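Beneath this line is the structure, given in structure tokens, with notes to follow.
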Number of protein chains: 2
Amino acid sequence: MSLKSLAESMGLSKTTVSRALAGYQDVAPETRERVRLAANKINYRPNPIAQRLTKGATDTVAIVVPSTLQRRYEPLFVDLAASIGSRLAEDEMDLILTSSRPGEPELAVYQRLVDGRRADAVIVVRLRVNDDRVAYLKANKLPFICFGRTDDIAGVAYVDGDGFGGFQAATRHLVSLGHRRFAFLGGPDGTFSSGNRKGGYCSALNESGLSFGPMLEARSDERSGAEMARAALGSKPTALVCATDRIAFGALTAVRDAGLVPGVDVSVIGHDNLPITAYTDPPLSTMELDLADVGIRMAEATLALIAGANPEDHRSIVKVTPIWRASVGPPPA
Amino acid sequence: MSLKSLAESMGLSKTTVSRALAGYQDVAPETRERVRLAANKINYRPNPIAQRLTKGATDTVAIVVPSTLQRRYEPLFVDLAASIGSRLAEDEMDLILTSSRPGEPELAVYQRLVDGRRADAVIVVRLRVNDDRVAYLKANKLPFICFGRTDDIAGVAYVDGDGFGGFQAATRHLVSLGHRRFAFLGGPDGTFSSGNRKGGYCSALNESGLSFGPMLEARSDERSGAEMARAALGSKPTALVCATDRIAFGALTAVRDAGLVPGVDVSVIGHDNLPITAYTDPPLSTMELDLADVGIRMAEATLALIAGANPEDHRSIVKVTPIWRASVGPPPA
DNA sequence: AGCTCGTCTCAAACCGGTTTGGATTCAATG
DNA sequence: CATTGAATCCAAACCGGTTTGAGACGAGCT
């Protein structure tokens with residue numbers, strides 16, 4: 001079971017057995033092979049805890065579930081986490097999932113991670129424009145990587161979807177279909193992604209000389225989507241560009257409630273390509289970001305950071321692809 | 001930083017400092033207090049890895065993301081995991097998220113956990129009637145707890161939603177509304193939860209002397225829900241009882257595609273109370289299971305198991321509450 | 001004074017690995 | 001034959017804690 005007992009049973013020292021298994025050259029090839037066979041036979045695996053103690057590392061990366069006051073519901077979070085985790089596992093690293101206790105501020109989780117020395121690096125999601133978590137981690141020199149960007153990106157590594165490009169392309173397409181009156185329904189004010197998506201939206205309207213129309217911001221759930229849509233419909237837009245699918249779901253409801261037909265009277269597009277988008281009435285246009293790809297990139301960047309890489313060398317922007325469905329059509333005549 | 005340096009800086013031995021912080025009585029009260037203050041001042045935290053090494057435990061619980069060949073999308077998984085994790089954190093335990101690598105059988109993940117000695121206990125979700133993971137964990141004596149039940153529950157601990165009770169109550173209600181022709185759209189054949197829900201459905205129909213109607217089983221996603229509904233509509237049911245919300249979403253689409261009005265011509269009910277259910281057209285009736293509660297129960301059971309408790313003493317069934325919305329109404333005249 | 005007992009403290013061993021710095025053996029070299 | 005050096009192997013130290021077993025000291029008792 002233990003290195004010691006294995007060594008004793010072979011009449012060798014712990015040192016030799018350890019080095020044999022690690023493949024060092026200063027062990028006779030014949031001995032190396034003998035040790036390997038014996039280790040294999042009893043299915044020996046070095047105790048990871050002991051290895052970590054000597055290495056002085058935890059071989060662990062933490063990902064923090066964003067806390068929301070309400071229900072946490074983050075449908076795509078697992079996809080991302082699972083992808084990160086399975087890439088990390090290839091390097092014998094564990095991914096731990098941490099979340100704030102009820103009522104506890106989110107930053108407290110990061111504090112626990114820092115001074116409990118429970119992880120070699122942290123993954124931060126749902127970035128805000130001005131993010132205290134980023135500042136805290138930077139100050140405490142714990143390597144971290146963001147899913148999403150933030151305002152002060154000096155010295156930070158990130159992987160992000162190209163929200164700007166996605167929303168720009170989508171909005172251009174709506175313009176080309178003939179839409180002239182738009183509204184943007186965004187996520188929470190401070191989140192970077194929502195601002196970024198809004199940027200792409202504005203940019204496309206700008207180049208066509210069209211006015212931005214109402215640009216609202218609230219929570220990124222269905223309820224808030226419905227409320228924003230209700231407010232926006234006052235200015236008779238023919239297209240609602242929504243920062244997330246959940247907002248778009250709410251918008252669909254509001255459009256119907258106003259006696260209008262989504263996809264005919266008012267076009268709606270979201271972002272995330274949740275599986276259900278293909279099954280709403282009408283099916284929702286949306287944008288897709290390959291989270292498996294994002295996860296792998298994040299995991300690899302994390303490994304590099306732990307190895308001492310410069311965070312600024314580990315940034316990437318992943319393409320966002322619009323998916324057109326019946327919730328978008330030409331504006332009514 | 002380390003116990004040793006703290007001890008030296010105070011002119012005490014490691015032993016005394018360690019015992020003082022642990023609150024042993026054989027340290028002079030005055031010394032104990034002095035040590036506590038000094039430790040506090042430099043914000044000392046014992047290195048968890050070192051503690052684990054002596055304790056011979058990993059202080060870690062693993063939860064395995066169920067692998068599906070397709071996209072993993074498990075919208076409520078995070079809610080459960082976050083709840084488990086935050087309860088475990090209160091006892092200084094970490095929750096690690098593991099998932100199979102692409103193409104790897106799910107059981108391999110459990111094997112890695114067992115012989116890599118990376119966790120003190122495992123959480124198993126998405127139980128199958130006949131579950132090789134359960135058998136494997138039992139055989140290898142790694143404590144585990146299931147979210148859901150399985151066929152051979154001897155020696156296993158579980159927390160599960162009362163799918164039987166929920167579907168029974170819901171079906172009774174449909175009967176009382178006047179429905180007489182039903183269909184059940186289930187999840188994958190081998191999953192316990194789907195079978196259990198079907199059981200509740202059958203039981204309610206049985207007691208009213210009604211026939212079960214078509215009972216289908218396939219994947220629990222929207223697409224498969226649509227296909228099953230299409231097939232079931234052949235026998236002109238007035239109510240579709242669906243094992244999950246995602247199946248129900250697909251069913252709503254199929255009903256509309258057949259030129260029928262959901263909630264008027266055909267009632268539909270799902271299970272999970274995904275946030276979007278309140279925003280479909282019509283809003284979807286569903287059933288709710290309090291996952292925060294489930295998570296806490298599971299975490300506490302896990303802690304007990306690790307402490308050596310008998311698994312069979314740690315089983316609970318959590319209430320499932322139907323939520324009635326416009327997708328359910330009386331049958332057409 | 002000699003003994004016992006309680007109180008407080010600490011050196012050393014241990015957990016299970018890795019790494020350092022020899023030690024031993026033997027063949028090749030001068 | 002003495003030296004050098006390569007090839008092997010290993011004892012001991014280390015990572016940072018916890019626990020065991022014992023020692024030092026003073027008070028209380030005979």
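What you see is a predicted model; the values in this text were computed from it and never measured. All values below come from the heavy atoms of this structure, side chains included, with hydrogens, waters and symmetry mates left out.
- A heavy atom lying under 4.0 Å from DNA chain D marks none of the residues of residues 109-119 of chain B.
- Following rounding to the nearest Å, B:M1 (CE) and D:dC15 (C1') show an atom-to-atom distance of 14 Å.
- Note that the two end axes of the helix from C:dA1-D:dT30 to C:dG30-D:dC1 enclose an angle of 80°, each drawn from 5 base pairs, rounded to 10 degrees.
- In this structure, CE of B:M10 is placed 10 Å from P of C:dT9, rounded to the nearest angstrom.
- How far CG of A:L53 is from CG of A:N47: 10.0 Å, rounded to the nearest 0.5 Å.
- Across all strands, A:S2 comes closer than 4.0 Å only to sugar-phosphate atoms, never to a base (heavy-atom distances).
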**Message:** side-chain hydrogen bond (donor to acceptor under 3.5 Å, both in side chains), that's the test. Do A:D131 and A:T150 meet it? Break it down for me.
**Reply:** CA-CA 7 Å; A:D131 207 302; A:T150 176; 5.3 Å; no

**Prompt:** What do the steps show when you test B:V156 against B:V134 for side chain to side chain contact (heavy atoms under 4.5 Å, CB included), and what is the final call?
**Reply:** CA-CA 8 Å; B:V156 338; B:V134 169; 4.1 Å; yes

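- When the side chain to side chain donor-acceptor pair (under 3.5 Å) test is applied to B:D26, the partners found at least two apart in sequence or on another chain are B:R19.
- Residue B:I49 contributes atom CD1, which lies 16 Å from atom C1' of D:dT18 at whole-angstrom precision.
- Taking atom CD of residue B:E8 and atom P of nucleotide D:dG16, one finds them 12 Å apart after rounding to whole Å.
- A donor-acceptor pair under 3.5 Å is absent between the side-chain atoms of A:R118 and the main chain of B:I49, judged by distance alone.
- A sub-4.0 Å separation between OP1 or OP2 of C:dG16 and a side-chain N or O of A:Q51 is absent.
- Nearest to the side-chain atoms of B:L53 among the listed nucleotides D:dG17, D:dG16, D:dC15 stands D:dG16.
- In this structure a side-chain-to-backbone donor-acceptor pair under 3.5 Å is missing from B:S100 to B:E106.
- Atom CG of B:D59 is separated from atom P of D:dT18 by 12 Å (rounded to the nearest Å).
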Contacts under 3.5 angstrom, residues 138-147 of chain B side chains, donor-acceptor by atom type, not counting sequence neighbours:
unit_1, atom_1, unit_2, atom_2, d
B:K138, NZ, B:D152, OD2, 3.3
B:K138, NZ, B:A154, O, 2.9

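- The CG atom of B:N47 sits 13 Å away from the C1' atom of D:dT18 (whole-angstrom rounding).
- With distances taken from any side-chain atom of B:A50 to the nucleotides C:dG17, D:dG17, C:dT19, the minimum falls on D:dG17.
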Close N or O pairs between protein and nucleotides 7-9 of chain D (under 3.5 Å):
unit_1, atom_1, unit_2, atom_2, d
D:dC9, OP1, A:T31, OG1, 3.1
D:dC9, OP2, A:A28, N, 3.1
D:dC9, OP2, A:T31, OG1, 3.1

**Item:** A:E74/A:R126 under salt bridge (Lys or Arg N to Asp or Glu O under 4.0 Å): CA gap, chis, key distance, verdict
**Value:** CA-CA 11 Å; A:E74 285 276 340; A:R126 277 261 193 138; 2.5 Å; yes

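- Residue B:T15 is in base contact, counting any heavy-atom pair closer than 4.0 Å across all strands shown.
- The side chain of A:Y24 places an N or O atom within less than 4.0 Å of a non-bridging phosphate oxygen (OP1 or OP2) of C:dT19.
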When the side chains of residues 296-307 of chain B are checked against the rest of the protein, which donor-acceptor pairs come out under 3.5 Å, sequence neighbours left out?
unit_1, atom_1, unit_2, atom_2, d
B:R297, NE, B:D293, OD1, 3.3
B:R297, NE, B:D293, OD2, 3.4
B:R297, NH1, B:S316, OG, 3.4
B:E300, OE2, B:R87, NE, 2.8
B:E300, OE2, B:R87, NH2, 3.4
B:T302, OG1, B:M298, O, 2.6

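- In this structure, A:D91 contributes its side chain and A:L88 its backbone to no donor-acceptor pair below 3.5 Å.
- The distance from atom NZ of A:K55 to atom P of D:dG17 is 19 Å, rounded to the nearest whole Å.
- B:S99 places a side-chain N or O within 3.5 Å of a backbone atom of A:A82 that can act as its donor or acceptor partner.
- The separation between A:L3 atom CG and D:dC15 atom P is 19 Å, rounded to whole Å.
- Residue contacts for B:K14: at a heavy-atom cut-off of 4.0 Å it reaches a base atom on one of the strands shown.
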**Request:** List the steps and the verdict of side-chain hydrogen bond (donor to acceptor under 3.5 Å, both in side chains) for B:T16 and B:S13.
**Result:** CA-CA 5 Å; B:T16 304; B:S13 72; 3.1 Å; yes

